[in-house]
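Both backbone and side-chain heavy atoms feed into the values below; hydrogens, waters and symmetry mates do not.
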Amino acid sequence: MEFSLFSPKAARSAGRRFLLLTSLGLALLVSACGPVNSPRPGTNGSENTLYSPFSGRSPKTLDPAVSYSSDETAYVYSIYEPPYQYHYLKRPYEVVPLTAVSLAAPRYFDKAGRELPQNADPSLIAESRYSIPIRSGIRFAPHPAFAKTSDGKPAYFDLAPEKAAALKSPLDLPLKGTRELTAEDYVYAIKRIASPRVVSPAFSTLSSHIIGLREMRDAIRREDAAEHHPAFLDLRKIPFPENGVSAPDPYTLVIRIRGKYPQFQDWLTMSFFAPVPWEAEAFYANPGFKENSIGLAWWPVGTGPYMMTAYEENRRHVLSRNPDFHFSAYPCEGAPGDREKGLLADCGKPLPFIDRIVFTMEKEAIPLRTKFLQGYYDSPAIDRSDVGQGFLVEAADSPELAREYAEKKIQFPRTVDLSNGYLGFNMMDPVVGAGKTPEEAARHRALRQAISIAIDWEEEIAIFQKDQAIPLMGPIPPGIDPRFNEMNPVVYRMNASGRPARRSLADARALMVKAGYPGGRDLRTGRPLTLALDFQQSASDAKPLLDWYQKQFAKLGIQLEIRATDYNRFQDKMIRGSDQIFLWGWLADYPDPENFLSLLYGPNAKAVTKGSGENAANYRSPEFDRLFDRMKYLDEGPEKDAVVQKMIQIVQEDAPWSFGYAPRSAAAYHQWVGNAKPSAMVRNSLQYLKLDTPLRAEKIREWNQPVWWPLILLALGGAAAAALLIRAVKKRSRLDAFGRDTGKEKS
């Protein structure tokens, strides 16, 4: 039977079907209750999982003896536990026990091995001995490295090569095991720092402090050669030279340090001192593992709150709660204001609060930002304390964005970075430097002081830092201790309201006269004073900033020549000491004044040490150096504070730097992330965070409601077209052969 699409019967049937399907489609659309654009199908935000992106690449290494990059920190310090840590909330930073029972007060010994009192003269101390008590009952996360067969032998130390090569994850092996942490695991880890196979960046520094560590490297080389370079070199068999590091019992770690080195306790918070079980190295020595990215660099084995359960390179990493994690409680004390912010509400509760942390790679900034604002990421970078700065700058420039951030109650908790940015004078320079005679030194000092007054750092902060920095009064940022950033009397005066105010240009010009440059001209030659700023970026990229610096010097009649170059050439000039004025900064390795004051210590002069020292200004003051040598041996307390304040006063007067600013940092979290307190020093912070998952699920639904009206309009338009089609077909069916309407439809 012939069938035509335009037969009345077919048209009516097709029209009815179209209208029915349209109605069903609209009903399904309206009844949909969740967002349709979720990047994670099957989840709605109610799971106790924190989501954060990472960009660039996967971490290069998660080996605790090697890792020294900020993008690796969140993983390494969530999995591994050094003996000490920084208190999560307290500021200034305070070192507290982690796996240690308590902080170990060092015992001091002279060259003859006689024990000295705690207040002994540092010059008499030949050795500091740390006996660190390790907590019992701490266990490693379950891992195949600890698995054993029924007869008690390691299950996977000798895998068949084809089986090892077929694995994509060590956790795919069926058997897992664990064991208790002992002090020997710390001894083994410190031996690894010396291993040429590991190549730890901490070796060069620590080998000058830990007795026997340098000799340990030589012993490992000899053993490796004697054993003909086996896949697994068992460091347990190699005694630590001079008994520099030992474990006299399972719960005591003893480390011997040359002389007195109070900052060593800060080192004990770093991953270099995290325990590494020998079984992990033996397990990962299986042939075929390294080629599949299976090893300590990718699959850590630690005692921390989390364990790596998924490592998909340049795609996704998952940290999951360690089921064998020992009890660790949320702190009950904090800094002033923490209680009011709700940061002490979880006092005494067991850590961690979150079950899983999923890191997903995002290649582009715009999709990352969009997903964050949609609620699909809890933070745009959970491991960074500065990611919120960009949002705050945007909000300052855009009322619409400011309103959106406020409506979504995005948190931007702030902190002051343990870093500084400054303008330095090369003290070897014949114009701005130290001078060859007392009279010349006084004139040059006056010139540096005048420039320090003229450079309006408050204006620079407002314009170029978007008010996200704090002016510095000396070399130490207030994040170390606010007491060390009190008013610089050389550059500031106290105003009527009791706040520091920059001294007037009249004061600066008077200093120019004292320096021999009235009005910016050399009193002897009458020529304008021209100085050079060595800049380590392309001048075209930073033209507004460089123009601003030229205007600051022009206030005193000084012509500023910009000498811009790439970073490598800039470094070469600094090492040669051929620069005159420069811009630089420093990020703290540990939160101690010594770390910043060392940048002005004479023996660290960069041009003198050929680049191995970090005193870029090549500043030298016998009094400052004497106080530094005394301060670096002092324990925390009033005596050390007084010495630090005296050193600050010396460099304020000498002005080898115009001290610049300390950047503020701001993290970014959604409103449902609790206990967030950003810090570059507290590296194991993920265990303290918590999620209000019902709130997150609610907000994700609210912010990602499907926009149905275009589809509804399309469906209604289709229905109208179908009705018109049916009407046209019906009319056509009533026509006779001459095109006349018969009033009767044909079947």
Legend entry - From Arg445 atom CZ to Met427 atom CE, the distance as rounded to the nearest 0.5 Å: 8.0 Å
Legend entry - pair Glu127-Arg258: side-chain heavy atoms closer than 4.5 Å: no
Legend entry - Side-chain heavy atoms of Lys677 within contact of Asp338, under 4.5 Å: yes
Inset, instruction - Please examine the side chains of Val95 and Asp266, heavy atoms only from C-beta on, and report whether any two atoms are closer than 4.5 Å. - result: yes
Inset, instruction - Using atom types as modelled and distance alone, determine if a side-chain donor or acceptor of Ser69 lies under 3.5 Å from a backbone N or O of Glu72. - result: no
Inset, instruction - Check whether any side-chain heavy atom of Asp625 lies under 4.5 Å from a side-chain heavy atom of Pro622, and answer yes or no. - result: no
Inset, instruction - Could you tell me which non-hydrogen atom of Ser419 sits nearest to which non-hydrogen atom of Pro477, and how far apart they are? - result: O-CB, 3.6 Å
Legend entry - Residues Gln580 and Asn426: side-chain donor-acceptor under 3.5 angstrom: no
Inset, instruction - Look up atom CE in Met574 and atom CG in Asp579, then write down how far apart they are to the nearest 0.5 Å. - result: 4.5 Å
Inset, instruction - Taking only Lys NZ, Arg NE, NH1 and NH2, and the carboxylate oxygens of Asp or Glu, determine whether Lys436 and Glu440 approach each other closer than 4.0 Å. - result: no
Inset, instruction - Before accepting this row, confirm whether a basic side-chain N of the pair Glu639/Arg630 lies closer than 4.0 Å to the acidic partner's carboxylate O. - result: yes
Inset, instruction - Assess whether atom NZ of Lys555 is packed by more than 12 heavy atoms of other residues, nucleotides or ligands within 6.0 Å. - result: yes
Inset, instruction - Give a yes or no on whether the backbone of Val491 and the side-chain of Gln449 come within a donor-acceptor separation of less than 3.5 Å. - result: no
Legend entry - Ring-ring centroid check Phe628 Tyr601, cutoff 6.0 Å: yes
Inset, instruction - Could you tell me whether Arg576 and Asp572 have a side-chain N and a carboxylate O separated by less than 4.0 Å? - result: no
Inset, instruction - Quick one: pull up CH2 in Trp548 and CD in Glu460 and give me the separation to the nearest 0.5 Å. - result: 5.0 Å
Inset, instruction - Identify whether NZ of Lys or CZ of Arg in Arg217 sits under 6.0 Å from the centre of the six-membered ring of Phe203 and within 45° of that ring's axis. - result: yes
Legend entry - Asp641/Arg483 salt bridge by N-O under 4.0 Å criterion: yes
Legend entry - Side-chain H-bond candidate by donor/acceptor type, Asp654 with Tyr619, under 3.5 Å: yes
Legend entry - Side chain Lys260, main chain Tyr633, donor-acceptor under 3.5 Å: yes
Inset, instruction - Decide whether a cation-pi geometry holds between Arg129 and Phe109; the criteria are a distance under 6.0 Å from NZ or CZ to the six-membered ring centre and an angle within 45° of the ring axis. - result: yes
Inset, instruction - Scan Tyr84, Phe264, Tyr77 and name whichever one has a ring-ring contact (aromatic ring centres under 6.0 Å, His included) with Phe273. - result: Phe264
Inset, instruction - Could you tell me the separation between the CG atom of Asp386 and the OG1 atom of Thr415, rounded to the nearest 0.5 Å? - result: 11.0 Å
Legend entry - Side-chain donor/acceptor of Ser398 to backbone N/O of Ala395, under 3.5 Å: no
Legend entry - Flag if over 12 foreign heavy atoms under 6.0 Å of CZ, Arg524: no
Legend entry - Under 3.5 Å donor-acceptor, Asp522 side chain and Arg527 backbone: no
Legend entry - Pair Trp657-Asn420, side-chain donor/acceptor within less than 3.5 Å: no
Legend entry - Arg448 (side chain) donor-acceptor with Val432 (main chain) under 3.5 angstrom: yes
Legend entry - Pairwise side-chain contact, Thr73 with Asp383, heavy-atom cut-off 4.5 Å (strictly under): no
Inset, instruction - For Glu594 and Lys632, indicate whether the former's side chain and the latter's backbone hold a donor-acceptor pair under 3.5 Å. - result: no
Legend entry - Interatomic spacing from OH in Tyr108 to CG in Asn119 - rounded to 0.5 Å: 10.0 Å
Legend entry - Tyr93 versus Asp592, side-chain donor and acceptor atoms under 3.5 Å: no
Legend entry - side chain to side chain donor-acceptor pair (under 3.5 Å) evaluation trace for Trp267 with Tyr261: CA-CA 11 Å; Trp267 277 95; Tyr261 186 38; 3.0 Å; yes
Inset, instruction - To the nearest 0.5 angstrom, please state how far the CG atom of Leu546 sits from the NZ atom of Lys551. - result: 12.0 Å
Legend entry - Donor-acceptor under 3.5 Å (Gln85 side chain, Val96 main chain): no
Legend entry - Donor + acceptor pair across side chains of Trp457, Ser658 (<3.5 Å): yes
Legend entry - Lys573 NZ: over 12 foreign heavy atoms closer than 6.0 Å: yes
Inset, instruction - Kindly give the heavy-atom pair with the smallest separation between Ala65 and Val198, and that separation in Å. - result: CB-CG1, 3.8 Å
Inset, instruction - Please report the shortest heavy-atom distance between Phe596 and Ala588, naming the atom on each side. - result: CE1-CB, 3.7 Å
Legend entry - Main-chain N/O of Gly433 paired to His444 side chain as donor or acceptor, under 3.5 Å: yes
Legend entry - Short side-chain to backbone donor-acceptor contact, Thr205 and Ala202, under 3.5 Å: no
Inset, instruction - Side-chain contact test, heavy atoms from C-beta onward, threshold under 4.5 Å: evaluate it for Met512 versus Leu447 and give yes or no. - result: yes
Legend entry - Flag side-chain contact, heavy atom, 4.5 Å: Arg493 against Met487: no
Legend entry - side chain to side chain donor-acceptor pair (under 3.5 Å) between Asp456 and Gln552, worked out: CA-CA 7 Å; Asp456 190 345; Gln552 304 307 300; over 6 Å; no
Legend entry - Tyr68 ring center within less than 6.0 Å of Phe272 ring center: yes
Legend entry - Between Ser665 and Asp417: side-chain donor-acceptor atoms closer than 3.5 Å: yes
Legend entry - Contact check, side chains of Ile461 and Pro471, non-hydrogen atoms, under 4.5 Å: yes
Legend entry - Residues Glu636 and Lys640 bridged, charged N to O under 4.0 Å: yes
Legend entry - Trp584/Phe570 aromatic ring centres below 6.0 Å: yes
